[in-house]
Structures are given as structure tokens and as C-alpha cells.
There are 2 protein chains.
Amino acid sequence: MEDTLYATYQRRAAVIKALAHPSRLLIVDELSRGERCVCELTERIGSDISTVSKHLSVLKKAGIVLDDRRGVQVFYRLRCPCVLRFFDCIEAVIEEKERAIA
Amino acid sequence: MEDTLYATYQRRAAVIKALAHPSRLLIVDELSRGERCVCELTERIGSDISTVSKHLSVLKKAGIVLDDRRGVQVFYRLRCPCVLRFFDCIEAVIEEKERAIA
DNA sequence: GCTTTATTTGGTCATATTGCCAAGTATTCG
DNA sequence: CGAATACTTGGCAATATGACCAAATAAAGC
């Protein structure tokens with residue numbers, strides 16, 4: 001197995017992994033409508049603010065979101081709206097799967 | 001938090017999670033060029049065949065691949081080639097990230 | 001029926017993820 | 001400076017994931 005080839009898959013997997021959580025998908029969806037501060041997202045998600053903050057740091061580390069502190073608040077936004085095309089791909093898989101069951 | 005809304009994100013996360021592993025991405029990439037039996041994939045990946053088999057069952061459970069036993073071998077193929085559009089989205093995120101560093 | 005080849009499944013161990021609470025940091029305002 | 005607000009980080013317990021080996025299954029051929 002070529003080392004560099006596998007490294008490519010690892011890099012991709014890291015990004016995908018960052019998206020592989022319902023709360024983080026909710027965050028991305030929410031941010032697709034504009035920037036939001038942590039407390040807005042926390043209210044939306046319903047878990048502890050520390051949990052949300054950690055989810056955001058996962059997304060940030062993966063290069064999916066950017067943060068911007070303005071005063072006491074920290075606003076997050078999508079780094080690259082292209083992640084949204086993602087949802088379409090995923091939904092297509094889900095629909096295909098459901099069609100097979102029906 | 002609406003229950004049904006969150007359920008949507010959970011369903012999506014389940015599919016994304018199934019893709020969030022370098023070996024499974026390699027499998028998907030390989031299957032994009034046609035069906036493959038487990039031993040072909042195993043050779044490509046380089047881990048134990050039981051490990052590869054488990055990766056395949058993860059992909060199957062998520063609705064990403066289909067299997068077809070022919071004789072002693074089991075051939076896998078992509079259920080929906082749309083997952084491939086995925087890679088483009090991911091690469092775009094990675095490039096965006098690297099551009100920022102440079 | 002027994003053997004061989006291909007694959008799946010069960011068990012186990014190491015490691016990673018997730019969520020909450022508590023404590024720490026940053027910024028604003030009085 | 002001290003208090004309040006917004007957020008992050010550390011720690012910990014519960015759970016999930018991933019890899020291997022060994023054992024079980026499935027189909028083919030003798």
C-alpha cells in the first residue's frame with residue numbers, strides 16, 4: 001500500500017470525521033444561513049455550552065469553520081460553503097436506501 | 001430541539017460516519033472503478049481480511065455498497081455512485097485550508 | 001462427505017469519542 | 001480593580017471504534 005496514497009485518504013477521512021456527528025451537522029446547517037455565536041448555537045442544539053464549544057473546535061481544526069471574537073462573543077462561520085453540497089450527496093444515499101426498502 | 005429535525009441529522013451522520021475512515025474511503029474509491037471481491041480489496045488495503053470484511057459491513061449497513069455472492073467470492077459495488085461527488089467537496093475543504101496556511 | 005478457498009462473526013484489547021461539571025481565560029463595564 | 005458575561009479547557013466516566021486472531025459458514029470440487 002503506497003504511503004502517500006493512504007495519506008490522502010487519511011486527510012479526507014479527517015475532514016469527514018469532523019462532520020460525522022449530528023450536532024456538528026446541525027451547526028454546519030445553521031452556519032449555512034450566516035454566522036452565529038456560540039450561545040446561539042448552544043440554544044439551538046440543547047447541550048451544555050462546553051460540549052458545543054468542543055464540537056466547534058473539532059470543526060475548526062478540520063478547517064470547516066472559522067471563528068472571530070467580537071467583544072465577549074465568538075462568532076463562527078463556514079470557511080467554505082462547499083460543504084453544503086455534502087448534504088445533497090448524503091440525502092441521495094439515504095433516499096436510494098429507503099427506495100430499496102420500500 | 002425538535003426531535004424529528006435532530007433525527008434527520010442523525011440519519012445523515014450515520015452515513016457520513018460510515019465514510020469517515022481511510023480504509024473505507026479507499027474501498028469506495030476502488031469500487032468507483034467497478035465491482036471488487038473482498039480479497040482484491042484486502043490486498044489493496046493491506047490489513048487482515050476480517051478487518052476489511054467488517055469495514056465492508058459498515059458500508060453496507062449505511063447503504064453505501066451492495067454485495068453479491070458468486071460462488072465462493074463476494075463482490076461489492078457502490079449502491080449509488082453519487083457518493084463520489086463527496087470527494088470533490090472534501091478536497092475543496094482541504095485545499096481551502098492549505099491555501100490559508102500558505 | 002471431506003477439503004480447499006473465500007468470507008463473516010465472536011472475542012478481546014487498545015484507543016478514541018462524547019458529554020457533563022468544574023475551573024480557567026477573555027473582554028466589557030461599572 | 002471587581003463583577004458579569006461568553007467561551008474554552010481539563011478531567012473523568014461511559015460508550016464506541018478498530019485491529020487482530022481464532023472459530024464458524026458458505027460454496028466448489030474431488
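In the text below, chain A, chain B and the rest are named by the order of the sequence lines, each starting its count at 1. Bear in mind the structure is a predicted one, so any value in this text is a computation, not a measurement.
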B:Glu43 atom CD is separated from C:dT7 atom P, nearest whole Å, by 12 Å
Do the charged groups of A:Arg70 and A:Glu35 touch, with an N to O distance under 4.0 Å? yes
Ranking C:dT7, D:dC21, D:dA26 by distance to the side chain of B:Asp48, first place goes to D:dC21
Closest to the 5' end of DNA chain C, once B:Leu56 and A:Thr51 are matched to their nearest nucleotides, is B:Leu56
In whole angstroms, the gap separating P of D:dA6 from CD of A:Glu35 amounts to 16 Å
Closest of C:dA6, C:dT18, D:dG18 to the B:Gln73 side chain is C:dA6
Rounded to whole Å, CG of A:Asp68 lies from C1' of D:dC7 at a distance of 14 Å
Answer yes or no: side-chain N or O of B:Lys17 and base N or O of D:dG18 forming a donor-acceptor pair under 3.5 Å.
-> no
note: B:Ile49, atom CD1; D:dG18, atom C1'; distance rounded to Å ~ 17 Å
Rounded to the nearest 0.5 angstrom, the OG-CZ distance for B:Ser23 and B:Arg44 is 11.5 Å
query = Should A:Glu96 and B:Arg79 count as an ion pair when the cut-off is N to O under 4.0 Å?
reply = no
A:Val15 and A:Ile64 have their tightest heavy-atom pair at O-CD1, 3.9 Å
Between OH of B:Tyr76 and C1' of C:dT7 the distance, given in whole Å, is 8 Å
Between CZ of B:Arg36 and C1' of C:dT7 the distance, given in whole Å, is 18 Å
Per atom distances to the B:Lys54 side chain, the nearest of D:dA26, C:dT9, C:dG19 is C:dT9
A:Leu19 CG to C:dT17 P, in whole Å, measures 14 Å
Note: for B:His21 and A:Val52 on DNA chain D, the residue whose nearest nucleotide lies more 5' is A:Val52
Taken to the nearest whole Å, CD1/A:Ile16 to C1'/D:dT17 is 16 Å
Closest of C:dT8, D:dT8, C:dC20 to the A:Ser47 side chain is C:dC20
field: Side-chain donor/acceptor of B:Ser50 to base of D:dC21, under 3.5 Å
entry: yes
Of B:His55 and A:Phe75, the one whose nearest nucleotide on DNA chain D sits closer to the 5' end is A:Phe75
Exactly one candidate in A:Arg11, A:Arg85, A:Arg12 meets salt bridge (Lys or Arg N to Asp or Glu O under 4.0 Å) with B:Glu91; the answer is A:Arg12
**Prompt:** Any side-chain N or O of A:Arg24 under 4.0 Å from OP1/OP2 of C:dT18?
**Reply:** yes
Among C:dT7, C:dT27, D:dG18, the one nearest any side-chain atom of A:Val72 is C:dT27
